[in-house]
Amino acid sequence: MTEASHNAEVETRGTLLVVDGHSLAFRAFFALPVDNFSTSDGRATNAVWGFATMLAQVVDAEQPDHLAVAFDVKGGTFRNTMLPQYKGTRDAAPEDLLAQLPLIQRMLTALGITYIEKPGYEGDDVIGTLATMGSDAGYRTLVLSGDRDAFQLISDRVTVLYPGQHFKDLKHMTPEAVEEKYHVRPDQYPDLAALRGETADNIPGVPGVGDGYAAKWIGQYGSLDGIIAHADEIKGKKGEALRENIEQVQLNRKVNALVRNLDLGVSVSDLTFGVVDVKATEDLCKELEFGARTRTKMVKSFARGEQPLTRHDTHDEHEPAQTDNALHLPQPVLIHDAAALEQWVAHHADTFAEAGPLANNCTQKGTQKSTQEASARWVLLAQGNAKPGASALHRVSIMAGDQAAVIAAPFDAALTEALQHVVTQYHTSMIVHGYKEHLHLLAAGGITLPTPAFDTKLAGYLVHPDFHADTLEQAAEHFLDIVIEAGSQEAVQGALDLEVEDSSAGDEETDEATTRILTHAAIVAALARTLSPMLAEREQTKLLSSIELPVSQVLYRMEDAGAQIDMARLTALRDEFAADARQAQETAWDCAGSRVNLQSPKQLQKVLFEDMGLKATKRTKSGSYTTSASALQDLYVKYVDDERANGFLGALLRHRETNKLKQIVQTLIDAVNPHDGRIHTTFEQTVAATGRLSSVDPNLQNIPNRNDAGREIRSAFVPGDGYVSLLSCDYSQVELRIMADRSGDEALIEAFRSGADFHRYVASLVYGVPVESITSDQRSHVKAMSYGLAYGLSTYGLAQQLKIRPSHAEELKKKYFATFGKVHDYLESLVADARTHGYTETMFGRRRYFPGLHSTNRTVRDAAERAALNAPIQGSAADIMKIAMIRADEALRTAGVASRIILQIHDELVVEVAPGEADQVRSLVADAMEHAVTLSVPLDVSTGIGDDWQLAAH
DNA sequence: AATGGCCCGTT
DNA sequence: GACGTACGGGCCATTC
């Protein structure tokens, strides 16, 4: 069959999913506890439920249009005749599992899914045959199996979905993935397995020979036959072992070869599905006592619904009209060397050179100009691991117009240089999705990525800050109204395969990874076309170019640098907290008289409110009695005379605190990169709806700071090699200063300009007494009021926090707003404006939309009002800090110092300081922060420097 | 295995 | 009757 006829069929045929029924049933059975999954009369249902839900998951993700499940049949196969001990360890399949196999098959029948068994053969042979049939007939064929024997079926058309530790993260085993992991081709895999043996199947290999040696020999001699022919040449113990076990290995090889030409009496086109027998499904679910949720999920997943690539009928008049949302996959050219890349780029030079940088004043009416501009740009898309401290570059695609170059690792020096040249020369017309991630990816390949013209990830965030897409497919669905099921590209694959012949150098194959990167590049191009005019229309373009893109660069450097950890200090703290927690637990258990799990709210509820008979007050959202720290504290005071309850509560509170600290420290220990002893967090730039950053893996923005015990953890953050101290710089009361500036309230402005103790000064105004006579209670009450302002707090909330009567809180609030009238008006105006415009804006024009303000539900509306009040204040503070970061980073680099910013905690920057640079760096960073923006009040920055983060506090 | 609820750390 | 923003994340219980 020629390439062309193959391709024509790929276009009309679709995806075939072949499932190893036993493998999936085993997996489900051992993953789910029988105890929790059985009928009231004691029959186990865990394998049935697990099988159905796992299969539904895969079908949802891959969207096959043909599906078959293969099963073994009772009784021996030809393999047992050859190898009596074959699968000896497996024959002990639990009765509980065996009993469920017929139920699984009944379920499949009800769901309209074909299952196949062939007496005398294993399910594996049925799978081998089906995969071969699918591949020959031009289907994209997927084999779901946890059995590695299936790897021999892998080709450019056949991918094995192999479950990892978590079933959810199925590995897509392509020829490339097999070679990466085992260093042999898929067709050589059975040779490797024969040498190594298979413990799971009770098949011994050559003693002492594992994947490594097997692959080495196969590489040397080409195949098992080659190895056997040259067995005498192999030296050492391993060679000896090989020669002694040749017969065994040859037998293994015979047994592990899958039969691929059985007569199953069906053709692939018979294996469609989608017609669910709803009645039968419901009956079976009822019989097995599955819930309604499971029933609906089954029908939803297996009844044929939408095509993989469809348009929604919805349209939103806010959005620019989309005349053409279809994804056009570019024609790919696979590039292997610098010359080919240079030639390709030269050939498309007009596309690269034509468009200039994205103009800042893109507010002109027409979406036309912007659309043209965007389409004249080019997309850079890299794949790999963008984890800070462990980045790797696997593949790069460059898409210009309807053409794309794809370059796969390894990148030699010349190719790297050529790629560097392309991005350096043409970055002002470059589009990326996630500049920060691409900085990591390309840096792993030795390439520095200059600032792009456009970033679809950042643009999407600026346009819809409340929407967060985890994947590019989700972004496409949200912004383009295109549904692309993850991993399913068949609807666009036809075009791809047809093109590759003309444009590729020769015998290249477009594998799954290439298809994926091209699909993604096409999505990014389409996103840019849509988002560029939206960004302009919403006046967010300047934020992208002046704040978000530059700060991405700073964040990349911070993540790359990481924070040095004193591991000895951390383990010592962990042990200390662990000992405290254990002691508290012992005490609590003694008081309770049982070994209650102190980390289980449910168990605690029973002990406290049933066994001990304590009178609970507050409830959780779902109606149960809360065991929150504040509730426990209330009970602790209330039952001061009940020795047993009081003792338990005290110990429980101590355990809560110390155990939490232990857990935080352990998380940090686990996050330390063994290569450099540092923690490389990831700052999320597109998650927080207000414009703030967030920090994950690990979160370094919530390291304890409120009490001494927790604060100790900060002492483990230290300067690394070549550095001598840590500098901490933070804004004092930024949000209040923003309120003072925006409201124009003279009294509050004066309070900041006076330079006095701010809260004391404010208290004296509020209470109308001299500064000297302000009590510490008065000061702290006013302080809480001030901070509560920006959160839209209620008098009730204020009263609770300060443990005062609501009437007292009410009075405080009245006095406060009487003193600072314009602040009150300003806060009201924020909500009012949000109601009229539908959104709030920060000082720099960052928007957040609030549909909830018009909700008829009071709770929803109140929450929206608080958020609308808070967003411009918190968001302006976030903008200011981002500008400060850009300026501080720039100042440090221009000054040529080695000191560098390593952390941001919303209003604080932590800087790692090199020898002799302390004073200079302190002044550079503080200055950048103080002058990030000019307000009607000064922006105060307080600084501290020390041998660790704790000592740098001030 | 996957998910939701609870609780709690920061600003 | 609820009742302060914005987050990330660990652990438990549930699923049937």
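The analysis underlying the following values was restricted to heavy atoms, covering all of them including side chains, and did not include hydrogens, waters or symmetry mates. First the proteins, then the strands, lettered A, B, ... as listed; each starts at 1.
When distances are taken from the side chain of Ser694(A) to each of dC6(B), dG8(C), dA2(B), the shortest belongs to dG8(C). When distances run from any side-chain atom of Lys660(A) to the nucleotides dG9(B), dT3(B), dT15(C), the shortest one goes to dG9(B). When distances run from any side-chain atom of Thr45(A) to the nucleotides dC16(C), dA2(B), dT5(C), the shortest one goes to dC16(C). Distances were taken from every side-chain heavy atom of Pro704(A) (C-beta onward) to each of dT5(C), dT10(B), dC11(C); the shortest belongs to dT10(B). Minimum atom distance to the side chain of Ala688(A) is reached by dA6(C), of the listed dC6(B), dC11(C), dA6(C). Residue Gln801(A) places its side chain closer to dG4(C) than to any other of dC8(B), dG4(C), dC7(C). For Ala867(A), the side-chain atoms get nearest to dA6(C) when compared with the rest of dA13(C), dA6(C), dA1(B). Closest contact between the side chain of Tyr796(A) and the listed nucleotides dC3(C), dG4(C), dC16(C) involves dC3(C). Which of dT10(B), dC12(C), dA2(B) sits closest to the side chain of Arg714(A) comes down to dT10(B). Of the candidates dT10(B), dG9(B), dC8(B), dC8(B) carries the atom nearest the Arg656(A) side chain, counting heavy atoms from C-beta on.
At a threshold of 4.0 angstrom between heavy atoms, the contacts of Arg866(A) are confined to the sugar-phosphate backbone, with no base atom among them. At the heavy-atom level, Ile873(A) lies nowhere under 4.0 Å from the strands shown. Residue-level contact check: Ala28(A) touches neither bases nor backbone, having no heavy atom under 4.0 Å from any strand. Using a 4.0 Å heavy-atom distance criterion, Thr690(A) is classed as a sugar-phosphate-only contact. Note on Asp862(A): nothing from the nucleic acid sits closer than 4.0 angstrom, heavy atoms only. Residue contacts shown for Ser40(A) are absent, as no nucleic acid heavy atom lies under 4.0 Å away. Within the nucleic acid shown, Asn46(A) has no heavy atom closer than 4.0 Å to any nucleic acid atom.
When the options Lys300(A), Lys168(A), Lys297(A) are evaluated for a salt bridge (Lys or Arg N to Asp or Glu O under 4.0 Å) with Asp60(A), the one that passes is Lys297(A).
Side-chain atoms of Gln874(A) and base atoms of dT5(C) include a donor and an acceptor less than 3.5 Å apart. Donor-acceptor pairing under 3.5 Å, judged by distance alone, is present between the side chain of Asn702(A) and the base of dG9(B). Side-chain atoms of Gln663(A) stay outside donor-acceptor range of the base of dG9(C), with no qualifying N/O pair under 3.5 Å. No donor-acceptor contact under 3.5 Å links the side chain of Asn36(A) to the base of dT14(C).
Contact annotation: Arg848(A) reaches the phosphate of dA6(C) (side-chain N/O to OP1 or OP2, under 4.0 Å). Between Gln599(A) and dC12(C) there is a side-chain polar atom (N or O) within less than 4.0 angstrom of OP1 or OP2. Residue Thr294(A) places at least one side-chain N or O closer than 4.0 Å to OP1 or OP2 of dC16(C).
Remark: aromatic rings of Tyr816(A) and His781(A) are distant, center separation not under 6.0 Å.
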Legend entry - Stepwise salt bridge (Lys or Arg N to Asp or Glu O under 4.0 Å) test for Asp580(A) and Lys662(A): CA-CA 9 Å; Asp580(A) 291 349; Lys662(A) 182 195 82 172; over 6 Å; no
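The stacking criteria are not both satisfied for Phe37(A) over the base of dC16(C), which would need a centre-to-centre distance under 5.5 angstrom and an angle between ring planes under 30 degrees.
Taking the six-membered ring for Trp and thresholds of 30 and 60 degrees, Phe37(A) and Trp49(A) have ring planes inclined between 30 and 60 degrees apart.
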Run the side-chain donor-acceptor check on residues 861-873 of chain A: report pairs under 3.5 Å with partners two or more places apart or on a different chain.
from, atom 1, to, atom 2, distance (Å)
Arg861(A), NH1, Ser855(A), O, 3.0
Asp862(A), OD2, Arg858(A), NE, 3.2
Glu865(A), OE2, Arg835(A), NH2, 3.1
Asn870(A), OD1, Gln874(A), NE2, 3.3
Asn870(A), ND2, Ala790(A), O, 2.9

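Atom CD of Gln801(A) is separated from atom OG of Ser780(A) by 9.5 Å, given to the nearest 0.5 angstrom.
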